[in-house]
There are 2 protein chains.
Amino acid sequence: MPTTTAVRELPHPAPEEIRLETVLHALSDPIRLRIATALGAHGEGDGAGAACSQVELPVSASTATHHFRVLREAGVIKQCYRGTAKISCLRRADLEARFPGLLDAVLRAAAS
Amino acid sequence: MPTTTAVRELPHPAPEEIRLETVLHALSDPIRLRIATALGAHGEGDGAGAACSQVELPVSASTATHHFRVLREAGVIKQCYRGTAKISCLRRADLEARFPGLLDAVLRAAAS
DNA sequence: GCCTTAGTACGATAACCGCCGTACTACGAT
DNA sequence: ATCGTAGTACGGCGGTTATCGTACTAAGGC
């Protein structure tokens with residue numbers, strides 16, 4: 001039997017499904033906030049974003065996976081596979097449309 | 001012995017002690033977000049603010065106390081006693097100085 | 001085919017959090 | 001002084017979360 005060729009698409013919430021509490025909770029963790037700010041430094045274009053392993057984190061790989069997933073499921077980041085790497089980038093436009101000014105304010109605050 | 005006339009002053013973090021993660025965490029709970037938006041509707045002047053009991057919440061009194069305390073310790077609200085009531089109000093100015101645009105963005109997002 | 005690199009799924013553990021009820025204190029009114 | 005109202009402190013319960021290690025899958029290079 002075919003080993004069901006694992007899903008290469010990742011589930012993301014639709015823009016209108018993004019909930020404020022969930023976003024705030026996702027960003028309230030130091031590790032995840034760090035991920036968000038790191039991704040903020042990278043571009044958001046189609047080819048932009050950073051691989052999980054590019055972002056240096058003081059936790060194990062499996063914990064990092066967990067945090068990236070929380071951010072993705074909250075609608076903060078978008079993830080897609082590119083070869084063996086998984087590229088992540090902020091969903092700036094979606095968040096700006098839904099919660100104007102929020103992400104910018106958080107990133108600016110985190111930078112200080 | 002005098003029953004040590006209970007402390008009527010409540011501990012608040014200094015403006016520079018307010019941490020972003022803590023604020024985000026405080027606001028990431030539906031009940032607390034509701035409190036914040038309710039207080040946002042009231043003024044912030046010296047005599048303004050609302051008593052805990054003014055904000056209708058779908059939880060018990062002791063749980064409400066807990067949520068107010070989380071908000072206060074995060075630096076989101078200021079609380080002071082007035083008679084038997086405890087008045088709460090947002091620390092708009094302090095938050096604006098420390099994290100410009102953040103509180104407004106959250107309150108505006110919560111309103112929608 | 002085999003190895004390396006990147007990331008994941010799973011299970012376990014320990015901490016945290018939200019919630020409650022009960023018993024209590026503080027203040028003001030009667 | 002007694003009572004009612006407003007809020008608190010404490011302890012407990014149950015669910016969620018952050019963390020890890022281990023074992024695994026996927027893609028690409030040799």
Side-chain angles (χ1 to χ4, degrees), chain A residues 1-12 19 21-36 39 49-74 76-89, chain B residues 1-12 19 21-36 39 49-74 76-89:
Chain A
M1 54 181 159
T3 332
T4 41
T5 320
V7 184
R8 293 268 91 189
E9 290 289 318
L10 291 161
H12 291 77
R19 286 184 49 240
E21 298 92 325
T22 312
V23 170
L24 293 177
H25 173 252
L27 293 173
S28 73
D29 181 274
I31 304 281
R32 291 193 292 262
L33 192 55
R34 191 155 154 179
I35 294 173
L39 293 181
C52 294
S53 54
Q54 302 267 49
V55 184
E56 283 197 29
L57 298 174
V59 291
S60 72
S62 49
T63 301
T65 296
H66 162 70
H67 285 304
F68 274 96
R69 183 173 51 225
V70 171
L71 285 169
R72 187 187 74 241
E73 292 177 346
V76 178
I77 67 173
K78 178 166 164 291
Q79 294 188 294
C80 58
Y81 288 99
R82 181 154 332 156
T84 69
K86 185 156 80 172
I87 307 297
S88 302
C89 59
Chain B
M1 57 180 153
T3 332
T4 39
T5 320
V7 185
R8 295 266 90 190
E9 291 288 318
L10 291 159
H12 291 78
R19 286 184 51 240
E21 298 92 326
T22 312
V23 170
L24 294 177
H25 172 253
L27 293 173
S28 72
D29 180 273
I31 302 280
R32 291 193 292 261
L33 192 55
R34 191 155 152 181
I35 294 174
L39 294 181
C52 295
S53 54
Q54 303 268 48
V55 184
E56 282 197 30
L57 298 173
V59 292
S60 73
S62 49
T63 302
T65 296
H66 162 70
H67 286 304
F68 274 95
R69 183 173 50 223
V70 171
L71 285 169
R72 173 170 46 81
E73 292 178 346
V76 177
I77 67 174
K78 177 166 164 292
Q79 294 187 295
C80 57
Y81 288 99
R82 183 155 329 158
T84 69
K86 185 156 83 172
I87 307 297
S88 302
C89 60

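In what follows, every chain begins at residue 1, and chains take the letters A, B, ... in the order their sequences are listed. We use all heavy atoms of the structure for the numbers below, so side chains are in, but hydrogens, waters and symmetry mates are not. Here the structure is a predicted model, which is why all the values come from computation and not from measurement.
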The salt bridge (Lys or Arg N to Asp or Glu O under 4.0 Å) partners of B:Glu73 (sequence neighbours excluded) come to none

Note: contacts of residues 50-64 of chain B with DNA chain C (heavy atom, under 4.0 Å) are B:Val59, B:Ser60, B:Ser62, B:Thr63

The salt bridge (Lys or Arg N to Asp or Glu O under 4.0 Å) partners of B:Arg69 (sequence neighbours excluded) come to none

So CZ of A:Phe68 and CG of A:Leu57: to nearest 0.5 Å the spacing works out to 6.0 Å

(message) For a quick test of reading the model: is some side-chain N or O of B:His67 closer than 4.0 Å to OP1 or OP2 of C:dC19?
(response) yes

All N/O pairs under 3.5 Å across the protein-nucleotides 28-30 of chain D interface:
none

Taking C:dG18, D:dA6, D:dT17 as options, the one with an atom nearest any side-chain atom of B:Ala85 is D:dA6

Sorted by chain and residue number, the side-chain contact (heavy atoms from CB on, under 4.5 Å) partners of A:Thr63 (sequence neighbours excluded) come out as A:Val59, A:Ser60, A:His67

By side-chain contact (heavy atoms from CB on, under 4.5 Å), A:Ala51 pairs with (sequence neighbours left out) A:Ser53, A:Gln54, A:Ala85, A:Ile87

Applying side-chain contact (heavy atoms from CB on, under 4.5 Å) to A:Pro11 and not counting sequence neighbours gives A:Arg72

Across all chains, not counting sequence neighbours, the side-chain hydrogen bond (donor to acceptor under 3.5 Å, both in side chains) partners of B:Thr22 are B:Arg19

| said: Counting only side-chain nitrogens and oxygens, does A:Arg32 get under 4.0 Å of the OP1 or OP2 atom of D:dA18? | reply: yes

For B:His25, the side-chain contact (heavy atoms from CB on, under 4.5 Å) test, sequence neighbours excluded, returns A:Ser28, B:Ser28, B:Arg32

